[in-house]
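One structure below.
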Amino acid sequence: MESLNGFKRTFYCGDVRMDDVGREIAVCGWVQRRRDLGQLIFIDLRDRTGILQLAFNDLTDREVFKKAFTVRSEFVLAAKGTLRERSAKNKDLPTGDVELEVTELRLLAEAETPPFEILDNTDVNDTLRLKYRYLDLRRPEMQRAIAVRHKVVKAARDYFDDNGFYEIETPMLTKSTPEGARDYLVPSRVHPGKFYALPQSPQQYKQLLMLSGFDRYFQIARCFRDEDLRADRQPEFTQIDLEMSFVDTDDVIAVNEGFLKAVFRKVLDIDIETPIQRMPYAEAMARYGSDKPDIRFGLELCDLSGVVKDCGFKVFAEPVAAGGSVRAINVPGGATQFPRKQVDALVEFVKTYGAKGLAWMKLGEDGMTSSFAKFMTDDENNAIINGVGAKTGDLILIVADANDKTVFAALGALRCECARRLDLIKKDDFKFLWVTEFPMFEYSEEEERYVAMHHPFTAPMDEDVSLLESDKKRCRAKAYDIVLNGTELGGGSIRISTPNMQKTMFRALGFSEADAEERFGHLINAFKFGAPPHGGLAYGLDRLVMLLVGADSIRDVIAFPKVQNASELMTACPDVVDQKQLDELDITLKGETR
RNA sequence: GGCCCAGUAGUUCAGUUGGUUAGAACGCCAGCCUGUCACGCUGGAGGUCGACGGUUCGAGCCCGUUCUGGGUCGCCA
């Protein structure tokens with residue numbers, strides 16, 4: 001192999017054009033492909049910008065040609081020569097009008113045949129991709145995702161700097177707070193038996209920064225949550241986190257609409273319309289069955305509780321009587337587009353969300369069929385049809401449950417499933433939505449108490465302060481989420497900034513004063529010294545990038561992601577450690593673990 | 001913790017009712033080829049059918065267990 005030995009690259013492969021013809025240029029990169037025509041060899045050289053064709057001719061330069069003959073896929077080359085116009089052009093390639101007539105070639109590294117081809121649109125097993133992540137990342141698609149990620153971060157730094165925000169780092173080794181997600185714990189050598197926690201978010205620190213007078217803060221913050229993974233959830237992820245002083249909801253929203261505008265302009269050259277539509281949580285649930293509705297398509301929910309509350313069909317009447325509801329989606333054209341088999345699949349689909357079943361009614365050309373017709377009178381059936389505004393050819397899908405949460409969960413998911421099956425979703429459409437006025441509390445079956453829906457530092461809406469302790473179910477918070485195409489991109493709130501309100505909040509959550517002091521004493525104490533009204537928001541950077549590049553999995557926008565069981569296939573971590581390390585940390589493992 | 005899906009050549013897949021020597025494409029190797037660009041042509045190598053156990057005269061195929069990966073419910077203040 002040869003060394004660089006003074007070789008200087010003058011161009012990236014993807015950057016050369018007709019204007020550069022005649023120039024002596026030098027490029028470096030990996031061999032995408034070699035085409036051997038006998039006395040001619042072409043090599044496609046790839047770097048992060050694209051591909052440039054290198055040309056070798058046995059008759060013109062025998063020595064260089066012989067070298068090119070030994071080259072294989074993924075070899076690392078440096079090539080110098082004169083750029084010339086091609087006799088046969090490739091209009092599919094940005095550099096397709098030109099090629100490099102190589103006069104000097106250096107083989108910087110050989111390469112074994114990779115376990116999979118370095119190509120876009122290859123559907124290689126995830127296990128293999130992740131084990132050889134460094135090869136997977138060579139694919140142009142992945143290079144683009146990582147580049148977009150960089151652009152978003154750069155846009156964030158530029159935008160927030162332009163708007164008077166300071167970027168401030170907060171600690172990675174922090175105190176464990178049992179509310180919320182499970183913490184990743186870090187043992188302390190200096191304090192045997194004690195543990196740090198990796199941050200789930202910089203929440204408390206950024207609030208303290210407001211109290212310290214920094215007024216506007218942002219951070220590209222790594223966050224950690226020891227919970228199960230999903231297609232859009234990793235245990236280690238990145239937030240674009242921000243906080244502002246002397247603001248109310250409208251101020252935070254305005255700054256963030258500016259930010260989203262800037263990002264979409266810089267990354268996709270798309271103009272987002274502002275102001276972005278806002279919708280209270282209650283309306284989002286009622287119309288879409290979700291607090292992060294995808295508003296690119298209709299299929300809205302319809303409440304049939306009033307229509308069916310006295311009907312003869314127990315499956316409908318009883319849940320209403322028990323305080324639940326009966327709701328429906330009307331799928332236009334569904335009667336013809338969903339044959340019986342697909343409807344059965346939808347029935348199974350809603351069961352995964354806890355629904356006991358899915359009642360359906362088809363308004364076919366040749367009459368009505370339904371899964372419950374025999375339990376209903378004609379008038380009752382007609383009331384349902386009129387209730388949802390169905391026409392001939394439509395399919396009505398109904399979920400009934402004594403618990404509204406189940407009805408919303410099932411229909412909210414069903415709505416999206418139907419849209420997917422009917423191909424109603426345009427992938428390049430970006431529909432933003434602010435969801436506002438979230439409930440302050442939600443009831444935790446597991447803990448048998450009300451817990452903070454957002455977090456315990458969220459301020460209640462001014463008109464609902466009196467409900468904090470008297471009517472938790474109806475109490476709303478100054479919390480808002482930014483939703484894009486059915487994905488929660490970010491969320492935030494106006495925070496509690498007075499010790500009294502914070503105490504009331506902890507009391508409402510059922511913390512004793514001692515509990516609150518133990519867990520959040522530093523914050524309560526700090527607020528005694530003058531906290532400005534403040535609020536902020538945090539984006540999931542990974543999700544934002546996912547949507548910008550149209551990726552289906554969050555793994556495709558993270559350079560080195562974890563798999564479903566939270567391990568990393570390339571380095572095979574987590575892994576066991578030496579006994580010596582454990583001894584230093586005063587940690588004993590249960591026998592069966594090792 | 002629950003449910004669903006997948007695992008066959010380096011890769012992506014096919015493999016009929018359980019039946020002779022498990023196939024294709026791409027990739028890889030060799031030869032030929034002066035304008036290719038998914039080059040072409042000819043030939044070749046390459047398999048623990050994820051693993052273990054069972055049923056059977058006989059298992060890639062059926063059954064059980066398990067491993068790996070994916071999706072999802074719970075969970076994710």
Side-chain angles (χ1 to χ4, degrees), chain A residues 32-45 51-60 65 72-74 84-93 95-97 99 101 112-132 135 177-183 200-201 203-204 223-235 237 345 348-355 406 409-410 413 417 438 440-442 444-447 450-458 477 479 488 491 493 505 509 519-520 540 552-553 555 562-565 567 569:
Chain A
Q32 178 68 35
R33 218 174 215 110
R34 187 189 66 134
R35 288 179 294 277
D36 178 357
L37 277 68
Q39 283 180 295
L40 275 183
I41 291 176
F42 297 105
I43 289 175
D44 289 339
L45 196 68
I51 277 175
L52 176 64
Q53 174 165 288
L54 312 181
F56 302 86
N57 190 324
D58 190 16
L59 301 179
T60 333
F65 180 86
R72 292 294 180 273
S73 284
E74 301 308 315
R84 69 180 177 207
E85 185 172 359
R86 291 200 201 181
S87 54
K89 294 180 179 171
N90 182 347
K91 59 183 186 321
D92 297 329
L93 219 56
T95 61
D97 289 346
E99 68 185 1
E101 182 184 16
E112 289 181 14
T113 304
F116 51 88
E117 289 183 78
I118 312 299
L119 291 172
D120 277 346
N121 307 318
T122 53
D123 193 14
V124 179
N125 190 326
D126 284 322
T127 315
L128 203 65
R129 284 180 59 196
L130 291 172
K131 185 174 172 192
Y132 297 95
L135 298 180
T177 53
E179 285 275 293
R182 273 187 278 267
D183 285 323
Q200 294 181 27
S201 85
Q203 184 60 36
Q204 294 181 43
C223 303
F224 305 85
R225 293 178 190 176
D226 187 4
E227 297 292 347
D228 285 356
L229 286 76
R230 286 288 188 281
D232 63 353
R233 240 162 58 188
Q234 283 270 311
F237 62 103
E348 290 310 305
F349 179 82
V350 297
K351 285 183 182 168
T352 62
Y353 294 87
T406 305
E417 179 66 16
F438 273 78
M440 189 79 233
F441 306 100
E442 73 186 325
S444 163
E445 305 285 348
E446 194 186 333
E447 298 189 43
Y450 279 93
V451 297
M453 190 161 186
H454 196 51
H455 56 59
F457 319 113
T458 303
E488 178 194 333
S493 63
M505 188 61 183
L509 287 168
R519 294 179 187 188
F520 304 111
D552 292 323
S553 167
R555 291 187 299 273
K562 307 276 190 288
V563 297
Q564 193 170 33
N565 66 11
S567 64
L569 296 179

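Below, chains carry the letters A, B, ... as their sequence lines are ordered, and counting in each starts from 1. Just so it is clear, the structure is predicted and the values come from calculations on it, not from any experiment.
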**Request:** Could you give the distance separating G54(B) and A59(B) at their P atoms, to the nearest angstrom?
**Result:** 12 Å
**Request:** Write down the distance between CZ (Arg35(A)) and P (C37(B)), rounded to a whole number of angstrom.
**Result:** 7 Å
**Prompt:** Any side-chain donor-acceptor pair under 3.5 Å between Gln564(A) and Arg555(A)?
**Reply:** no
**Message:** Under 3.5 Å, is there any donor-acceptor pair linking the side chain of Arg225(A) to the base of C76(B)?
**Reply:** no
**Prompt:** In whole angstroms, how far is the P atom of C76(B) from the CG atom of Asp183(A)?
**Reply:** 12 Å
**Message:** Between C5(B) and G19(B), how far apart are the two C1' atoms, rounded to whole Å?
**Reply:** 30 Å
**Request:** State which residues pass salt bridge (Lys or Arg N to Asp or Glu O under 4.0 Å) with Lys562(A); sequence neighbours excluded, sorted by chain then number.
**Result:** Glu236(A)
**Prompt:** Choosing from G35(B), U11(B), A38(B), which nucleotide comes nearest the side chain of Asn90(A)?
**Reply:** A38(B)
**Asked** Do the charged groups of Glu117(A) and Arg33(A) touch, with an N to O distance under 4.0 Å?
**Response** yes
**Asked** Which of these nucleotides, G27(B), C76(B), C28(B), is closest to any side-chain atom of Arg33(A)?
**Response** G27(B)
**Request:** With P as the reference atom in both, quote the distance from G43(B) to G50(B) in angstrom, rounded to an integer.
**Result:** 31 Å
**Closest nucleotide among U36(B), G70(B), C75(B) to the Glu99(A) side chain** = U36(B)
